[in-house]
Amino acid sequence: PDTTKTKAAMDALKSMIREKLRESPLVSKVLDERPDFQEDPAGLLQHLEDRGLVEDIFASLENTLSKRQAHDIYDNAETVQAEAGVQLMDQAPGVWQLSLKLIEGQAFLDFLDVSEASGRDLYWHVVFGHQRLRTRPVPAAVSPRFDETFLLKLPAASSRNGVLLHASPVHLVLVCHGGRSEEEPPWDPGPGTVLCSHRLEWRQCLAAAGPLKMTIELQGVGRRHQLAVGVLHAELELRPQGSASSILPELVVSAQLRAEEQRRAEVMRRSFEELDRWWAEHHALYPTRHIRLFAQTEACLFLPVASFVAPLEAGRSLDGPGHALRWVSLFPVEPMSTKEASGVEPRWHSFPAIWGKGRATAEERALLLCSLLLGYSLDAWCCLGADENGKPHAWVIVRDKGNASLPAEVTCWDPRNATRISADDPRYLTSYSSVDTVFNDRRILVCHADVLARVSFDFSDPRTWLSAPVDDEVLDVLRLYPQTLSPGFADLSLKLWPAAWETNALEEVIENRVLGAVRSHREAAGLVTNVDMHLANLLQVALANFESERTGAPSQATVFEGLASRVCGPGEVLRASPVHFNHLRVSLFWATMSDRPSVREVLAAPPSTAFAVRARVVHYPERAVAAWVLLAAKGRI
């Protein structure tokens with residue numbers, strides 16, 4: 001057994017090394033320069049060794065390993081098992097684990113055409129309580145082979161009867177990445193597409209003496225929900241198995257599941273009837289307003305809008321409310337289709353699905369931000385209304401003193417541009433045109449006032465607000481995110497996934513490509529380009545300040561200004577133009593930068609000017625990224 005474990009661990013290490021070599025920006029740069037190495041691995045390795053790059057790559061690998069150990073120390077058993085197939089068998093009494101084995105998929109007909117499958121990878125995102133796991137990438141195919149086993153921790157219980165009461169499902173989200181241009185580097189996985197979102201009822205294994213084989217029909221998401229994505233073959237097993245007498249009868253498990261489902265269906269029916277009856281009495285007063293009482297998930301589960309918000313603790317992934325606003329604003333905005341926007345119930349993806357695809361609508365970003373701010377114990381409310389142009393928009397309202405808050409104590413947190421505007425700020429009236437629906441995880445309110453200036457944020461004032469009939473039972477039973485670990489807070493946790501690339505090397509690649517584009521641009525204009533490496537080093541201070549300011553920290557611009565004044569000679573000035581990106585598609589950077597008037601002004605500087613380029617890449621949870629590129633010129637401009 002020890003030999004088998006050692007071999008599995010070595011195979012996992014070899015796979016990690018191959019992956020690191022394939023994704024390394026250093027290797028990518030060499031292959032750009034020497035395409036002949038594509039078919040000559042030995043020559044590539046010798047070339048890397050001759051240039052002293054092998055040590056850098058293995059240093060990057062060592063850094064990745066240490067990061068994984070640091071990020072995954074809490075769920076070390078799952079990580080080791082996912083990568084090396086090593087299973088942790090020693091358990092303390094009363095501690096239970098769920099073994100989930102994803103074996104293979106069949107009939108994935110979306111990839112029947114080879115051209116549709118080429119260059120695409122499939123990932124399963126596994127969410128169970130606070131545990132966040134992900135399979136390795138598997139090439140898209142009609143019958144993809146996953147062969148991944150995870151051990152999921154269960155709450156402590158004295159028997160299987162106690163485990164049966166843990167009603168949280170295993171949320172499986174299937175995401176497809178790929179289809180990017182061959183010109184794109186390997187460090188950008190491209191946009192993700194959610195193919196399936198399935199909530200797996202795992203408690204049937206409590207009536208099984210060993211592994212329970214399951215064949216799961218996977219449904220699509222959104223408008224494709226009625227279409228089958230394919231079939232997943234999986235196995236579930238409770239660890240430890242215990243004695244034969246501890247195994248529950250199938251009738252007991254089925255009765256518990258049926259009772260829970262019946263209660264949920266009854267509460268859902270009652271909620272719909274009460275809200276429909278209530279809205280029928282009032283909807284004529286708001287014919288053109290942005291009123292939402294219900295929404296549906298990506299799996300077409302209809303719920304009150306309050307179910308989509310849950311106090312969410314960021315843990316060590318974010319440093320505070322301002323950091324949370326910055327992170328949410330980095331998610332690329334996914335426009336809602338005209339059909340969905342005009343529908344009675346919008347479609348809002350669950351948080352695991354949003355994190356898997358890496359994009360979100362304006363409303364989904366507001367839901368996520370509101371949940372995080374509630375997790376920081378702020379009085380946060382998701383607000384649906386209209387922007388300055390009268391178009392539907394969503395943001396978050398935070399009240400410092402609840403219903404007693406003055407306008408100066410009510411702040412709009414807007415993920416659109418990561419800004420915070422108080423209700424007494426003149427920008428408030430120029431940024432929004434109406435407030436229509438306000439809700440969080442406990443209440444839903446509709447605003448009477450059709451003029452923004454007349455809106456009072458005292459939610460107890462019946463002249464301004466109409467409270468929807470949603471009681472505690474509805475909110476508890478129809479909760480989208482379980483709250484079993486810490487009552488009042490969702491079990492979900494953010495994940496700072498280890499980066500698949502070395503950040504310093506990536507920043508150097510960005511700098512070299514931008515600097516090459518600067519040289520080409522100026523050569524076409526008959527101008528030479530002088531590079532000042534020391535100035536580039538000083539620009540790091542400015543870039544660090546730019547990102548710090550975006551999180552709400554005080555500006556340290558005077559520090560860089562003092563440094564810049566020391567390197568500028570008499571009559572010289574320093575002009576710099578920072579450009580921000582929320583992706584790593586480097587081939588698009590220069591097109592965006594060269595379109596900026598400030599950048600074009602720097603590019604037109606005289607031949608005696610010294611140029612510098614500095615890049616900074618900051619990683620956030622769920623693979624969100626902030627990339628800065630600063631182009632500067634020093635001289636008599």
Side-chain angles (χ1 to χ4, degrees), residues 24-30 32-33 47-48 50-57 59-60 63 185 187 501-548 556-581 584 586-587 589-590 592-594 596 598-618 626-637:
S24 170
L26 298 173
V27 175
S28 177
K29 183 178 179 181
V30 171
D32 286 343
E33 299 171 353
H47 182 77
L48 292 171
D50 292 342
R51 295 182 60 181
L53 298 178
V54 172
E55 291 80 1
D56 293 338
I57 292 173
S60 171
N63 183 49
W187 51 75
W501 55 86
E502 179 61 36
T503 303
N504 291 344
L506 173 57
E507 290 172 346
E508 291 178 4
V509 170
I510 295 173
E511 290 165 3
N512 290 334
R513 292 198 181 183
V514 172
L515 198 55
V518 170
R519 286 195 176 100
S520 298
H521 182 93
R522 287 177 59 83
E523 286 176 5
L527 301 171
V528 297
T529 304
N530 302 310
V531 179
D532 187 335
M533 298 304 296
H534 178 63
L535 178 58
N537 185 65
L538 298 183
L539 296 181
Q540 181 75 15
V541 179
L543 288 180
N545 180 59
F546 291 151
E547 184 60 27
S548 179
Q556 300 294 325
T558 55
V559 176
F560 175 71
E561 292 170 359
L563 298 175
S565 65
R566 297 181 63 86
V567 297
C568 290
E572 291 185 334
V573 296
L574 176 65
R575 287 186 178 174
S577 178
V579 184
H580 173 260
F581 302 92
L584 292 175
V586 181
S587 63
F589 282 15
W590 181 245
T592 301
M593 293 181 64
S594 60
R596 298 282 183 92
S598 59
V599 172
R600 291 200 297 267
E601 184 179 350
V602 172
L603 291 173
S608 60
T609 305
F611 286 84
V613 175
R614 193 71 167 186
R616 179 175 170 82
V617 176
V618 182
W628 291 91
V629 181
L630 181 56
L631 173 63
K634 175 177 71 74
R636 299 178 182 276
I637 305 174

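Because the structure is a prediction, the values reported are computed rather than measured.
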### Query
If you measure from CG on Leu563 to SG on Cys568, what distance do you get to the nearest 0.5 Å?
11.0 Å
### Verdict with supporting geometry, Phe611 and Arg522, side-chain contact (heavy atoms from CB on, under 4.5 Å)
CA-CA 11 Å; Phe611 286 84; Arg522 287 177 59 83; 3.3 Å; yes
### Query
Taking all atoms of both residues into account, what is the closest heavy-atom pair of Pro607 and Asn530, and its distance?
O-ND2, 3.0 Å
### Message
Would Val617 and Ile510 count as a side-chain contact (heavy atoms from CB on, under 4.5 Å) here? Give the steps.
### Response
CA-CA 10 Å; Val617 176; Ile510 295 173; 4.0 Å; yes
### Task
Rounded to the nearest 0.5 Å, what's the gap from CD on Glu601 to OG on Ser577? Could you check?
9.0 Å
### Task
Tell me, please, which residues at least two apart from Glu523 pass side chain to side chain contact (heavy atoms under 4.5 Å, CB included).
Arg519
#### Entry: Qualifying side-chain hydrogen bond (donor to acceptor under 3.5 Å, both in side chains) pairs with a residue from residues 628-637, counting only residues at least two apart or across chains
Glu547-Trp628
### Message
Walk me through whether Val586 and Val509 qualify under side-chain contact (heavy atoms from CB on, under 4.5 Å).
### Response
CA-CA 9 Å; Val586 181; Val509 170; 5.6 Å; no
### Task
Find the distance between CD1 (Ile637) and CG (Leu574) and round it off to the nearest 0.5 Å.
7.5 Å
### Query
Quick one: does Leu630's side chain get under 4.5 Å of Gln540's, heavy atoms only?
no
### Task
Only one of Leu543, Asn545, Leu539 passes side chain to side chain contact (heavy atoms under 4.5 Å, CB included) with Phe560; say which it is.
Leu539
### Query
Distance from Trp590 atom CH2 to His521 atom NE2, nearest 0.5 Å?
6.5 Å
### Exercise: identify the closest heavy-atom pair between Arg596 and Pro578
NH1-O, 3.9 Å
### Message
Does Leu603 form a side-chain contact (heavy atoms from CB on, under 4.5 Å) with Leu527? I'd like the steps, not just the answer.
### Response
CA-CA 9 Å; Leu603 291 173; Leu527 301 171; over 6 Å; no
### Message
Working to the nearest 0.5 angstrom, can you tell me the gap between Arg614 CZ and Glu507 CD?
### Response
7.5 Å
### Query
Which residues satisfy the side chain to side chain contact (heavy atoms under 4.5 Å, CB included) test with Val559, sequence neighbours excluded?
Val541, Gln556
### Summary
Minimal heavy-atom distance between Ala610 and Asp532, with the atoms involved, is CB-CB, 3.9 Å
### Task
Can you label the angle between the Phe581 ring and the Phe589 ring as parallel, tilted or perpendicular, going by 30° and 60°?
parallel
### Summary
Scanning both residues in full, the closest heavy-atom pair of Thr609 with Ala633 reads CG2-CB, 3.5 Å
### Task
Mind checking the OG-CZ spacing from Ser598 to Arg575? Nearest 0.5 Å is all I need.
10.5 Å
